[in-house]
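Convention: sequence-line order gives letters A, B, ...; per-chain numbering from 1.
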Amino acid sequence: MNNMKYTVAVIGVGVIGGMIGRELTRYGIKTVMLEKGNDVALGASKANSGIVHGGYDPEPGTLKAKLNASGVEKLFNTALELNVPIKRNESFVCAFSEEEKEHLDVLYKRGHENGITALEIIDGDKARELEKNLSESVVAALWVKNAGIVCPYELTVASVGNAMDNGASLVTDFEVTSISKNGDAFEITSKDGRTVYADYVINSAGAYSGKIASLVGDDSIEIIPRAGEYLLLDKSEGERVSRTIFQVPTKEGKGILVSPTVDGNLLTGPTAAVVASPANKETTADGMNKVNTLALKSVPTVNFRNVITSFTGVRSSNKDGDFIIGESAACPQFINVAAIDSPGLTCCVSIAEYVIDILKGIGLTLEKSASFNGKRNDPHFFRKMNDDEKNEFIKANPAYGRIVCRCEGISEGEMRYAVRTNPPARDLDGVKRRTRAGMGRCQGGFCSPTVMKLIAEERGIGKEQVTKNGGGSYIVTEKL
Amino acid sequence: MERNLTCILCPRGCTLNVTVDGDNVFVTGNSCPRGRYYGEEEVVSPKRTVTSIVRVSNREDVMVSVKTETPVAKSDIFTVMDKIRNASVTAPVKVGDVILTDVCGSNIIATKNID
Amino acid sequence: MENHDIVIIGGGPAGMAAAVAAFDSGIKDVVIIDREKEVGGILRQCIHNGFGLHKLGKELTGPEYAHHYQLEVEKRGITVCADTTVLSVTPDKVVTATNTCGILKLQAKAVILAMGCRERSRGALNIPGTRPSGVFSAGCAQKLINCEGYSVGKKVVILGSGDIGLIMARRMSLEGASVEAVCEIMPYSGGLTRNIVQCLEDYGIPLYLNTTVAEIHGNERLTGVTIAEVDERRQVKPETKRYISCDTLLLSVGLIPENELTRGAGIGIDPITGGAVVDENRMTDVSGIFACGNVLQVHDLVDYVSDEAEIAGKGAANYVKGLDRAENRVKAVAGNGVRYVLPQRVNTRGGDTDIFLRVTAPFGKVKFTVKSGDTVIATAVKLRATPGEMEKITLKAAKLRDVDGDIRVDLEEM
């Protein structure tokens, strides 16, 4: 990798960086994706609501409104191509008073202005007929029929993996500390002294995009890190609702959602609190109480004794409220893709295509590559087989017959696959995000020693070097 | 001298009252004869069974569990641990195999089979 | 599809004792399925001593106790299907399992569920803070240390004073780690008194009651925890918060019977025990499916697991032989001061029947009264009763014969 020359370097590999990387390989562009962590999807792409937003929320005329409107169907199509689970489960925005009900009309009108027509306002009884666990105090709801749910980190892993399968490079543990322009090419250097060269730079560094832009003298981006706490519940709660249940935004805040996930769990959250640094990913007692209390306002029967984990995601907000996407005024051929907060996940494909158009506009020649294959093999092929098919497959691949994660039913074969395919899992959390091993009720209590052993074997390292999520997050310290 | 102790010989955990008067030790509160012996010994020279693990040198990341065959003086626990920590064994190992002899007065024996 | 008389799911202490008892009751076609390469279950990592005094009359370590039953299983030629995970059990007793040879399906005449339990995780506790490495369930750390020979950390705080937490406090100390504190949110320890003496007091480890871990700190590896006292409602008192620097937090905060297969088979679960609702033979509400050991209720001692498994093994054998067709069952329910009673259904025309129960809080001297309506079936006096120790009361066949309504157990302080 040392001293490699690329056409485009993408800095920051979340779902936006991954989708841009993939889109570039569609045109055979020599692309490198640079990530400061030791895996992809470690920022907001790891910890968000996983919602495909209908498009009624953004202010008409904004970039958000435009990219959301075109983004929904693009995302559904791309997820199918990448074999990422996505579901059009629809959503409700619930009003709890006549005053809040008026706000539903505002959202409805705004949706139509944005070109979203799959909307209907229904009364509380009708809403409860469709969602039997919905609170009696819901007086009306905006029914959003084009909305859906998707797994955000799986989408990121899939987009990066597909980009890599099509020739893009991924460099992890590459924390960019300087960018200089040497003639026409950018020289990008990491904290540990590695360098790559590229003609164009895409800044998709999420919460750190302001910092990256300032490396080329662009101080225009001011990211406001906003923390959101979530509580994830066991699959036994997964069928409380089939739709994503939002609350009408009020003066007190945007409200708390209750949503099934594509994996069958129930997700509640997020809170919204401005934090000092994007590294502030702790959960708080107050935050968790708030999620609990407000979720019960929508769906009173959620049993919070079945919480299996809590987490905090940090969104990158911008005081203007809109995405910042475009060539930097301070630095030609340096493109900012910043302040991608909600509905950023929904827009990831439309943003990638928009960035391609910008690159075209500033002189990058783009012709579709004949060898590009946008399809990605289904990493979950095994769990979708019936017993007879599994039986045959295990006979040829015995590791698929040995269950390692008992809670989620994940075999050794599936874990080894996650360490071997693009982008390779390197640590316990990486295997977890790709296979769900350790995401169940025991949260890895039983299987983590075995997963550690598999990672050590596959990577040819000692168990002492296996980490939870890179850096100094070692699990065991030494042999006794 | 008078001491109150919890007997650790069985899960019942009787509260013992032990009085030492010169060479005579009196125990009350015990529910069985073993409790009396425990009380007497605990005030004079307390003993513990030590359990730990020994690395099996010819197996990857496999440990054999071991114990002191008889209880050792409480004050010798960490001496026993040091000896155990520096030992290793070659598989196969059978339950009851002596791994180390006479460590602070007890053999160290295997408590698990390693094939 | 293979056909067997009895299929036992789980080869830990419960599964092995059930297999031996079923065999000795005359059913020779017994198969044990276990997910590990060796039978023994969690006992294989419980290298400390204290097992077997009640059941075998001698004090053994966990691996030795498992070894004893493994020899009994081998002696009888009982088939053990190791390294095999059961995926599902149907109400008509088809067991589907997987191993490196493929998917197997077994049709059983009776099934005994003996899958054991799992530990409550951090997520279930909602401890605020970051998510660094170095936070382990006590059992996970125990496996890494005792079976794989790796150190998990040097400076340790333990949350939960159940027996596993206490045993691990001693184990970490023996391996040279410094155990800074054991925190217990309740006003009393859930562990045996002997373990407080020989695991904490012997090593000078402080036990803080009414105290919990209020925050977890560290971005990569754990760097410390904030501990704090709690009020009567178990809410943190902010003014008592105190930071302890540590690289390891062990959680020993309760065990949960692992009943996913049980639910999949449509078997009714007791919300208090977290295990199946069973009769005096440990048969669930699905005919021919039995449960025993920690999958049925979390036990204090493995010796009692073996006792319970023998009841289930014998019950399953009698079921296969067509001997168990009792129709005179009544419910057994918990009354004042009693958290649960097991079995939850009792045959009034059978033999003497032991019922097991746990109390709701620590008590001094108490009297238990077992009644049906106004008829007293049994009474028992105990010098002390705590939630950490299971109580047993024997109901005499002669007394049960007159019963035709539900049985209720009440506790009275004396």
Between [atom1] of [X] and [atom2] of [Y], what distance do you get to the nearest 0.5 Å?
X: Glu175(C); Y: Ile53(B); atom1: CD; atom2: CD1; value: 5.5 Å
X: His67(C); Y: Thr111(B); atom1: NE2; atom2: OG1; value: 10.0 Å
X: Asn113(B); Y: Leu71(C); atom1: CG; atom2: CG; value: 7.5 Å
X: Thr51(B); Y: Ile167(C); atom1: OG1; atom2: CD1; value: 8.0 Å
X: Ile8(B); Y: Thr193(C); atom1: CD1; atom2: OG1; value: 12.0 Å
X: Leu192(C); Y: Thr6(B); atom1: CG; atom2: OG1; value: 11.5 Å

Heavy-atom cut-off 4.5 Å, strictly under: side chain, backbone, both or neither for [X] against chain C?
X: Val62(B); result: backbone
X: Cys14(B); result: neither
X: Arg59(B); result: neither
X: Ser52(B); result: both
X: Leu9(B); result: backbone

Chain B interface, residue from [options] that has the most non-hydrogen pairs under 4.5 Å:
options: Arg44(C), Gln198(C), His48(C), Glu389(C); value: Arg44(C)
options: Ser173(C), Gly176(C), Gly149(C); value: Gly149(C)
options: Asn49(C), Ile196(C), Val197(C), Asp202(C); value: Asp202(C)

Counting neighbours of [atom1] on [X] that are heavy atoms of other residues, nucleotides or ligands and sit closer than 6.0 Å, is the number greater than 12?
X: Lys47(B); atom1: NZ; answer: yes
X: Tyr37(B); atom1: OH; answer: no
X: Lys74(B); atom1: NZ; answer: yes

Q: Specify the closest pair of heavy atoms between Leu174(C) and Met81(B), including all atoms of both residues, with the distance to one decimal.
A: O-CE, 3.3 Å

Q: Using heavy atoms and a sub-4.5 Å threshold, report which of residues 50-63 of chain C line up against chain B, by residue number.
A: Leu53(C), Glu59(C), Thr61(C), Pro63(C)

Q) Between Glu64(C) and Lys112(B), is the closest basic N to carboxylate O distance under 4.0 Å? A) no

Q: Could you list which of residues 20-31 of chain B have a heavy atom closer than 4.5 Å to any heavy atom of chain C, in residue-number order?
A: none

Q. Contact part of Leu301(C) toward chain B, heavy-atom cut-off under 4.5 Å: side chain, backbone, both or neither?
A. side chain

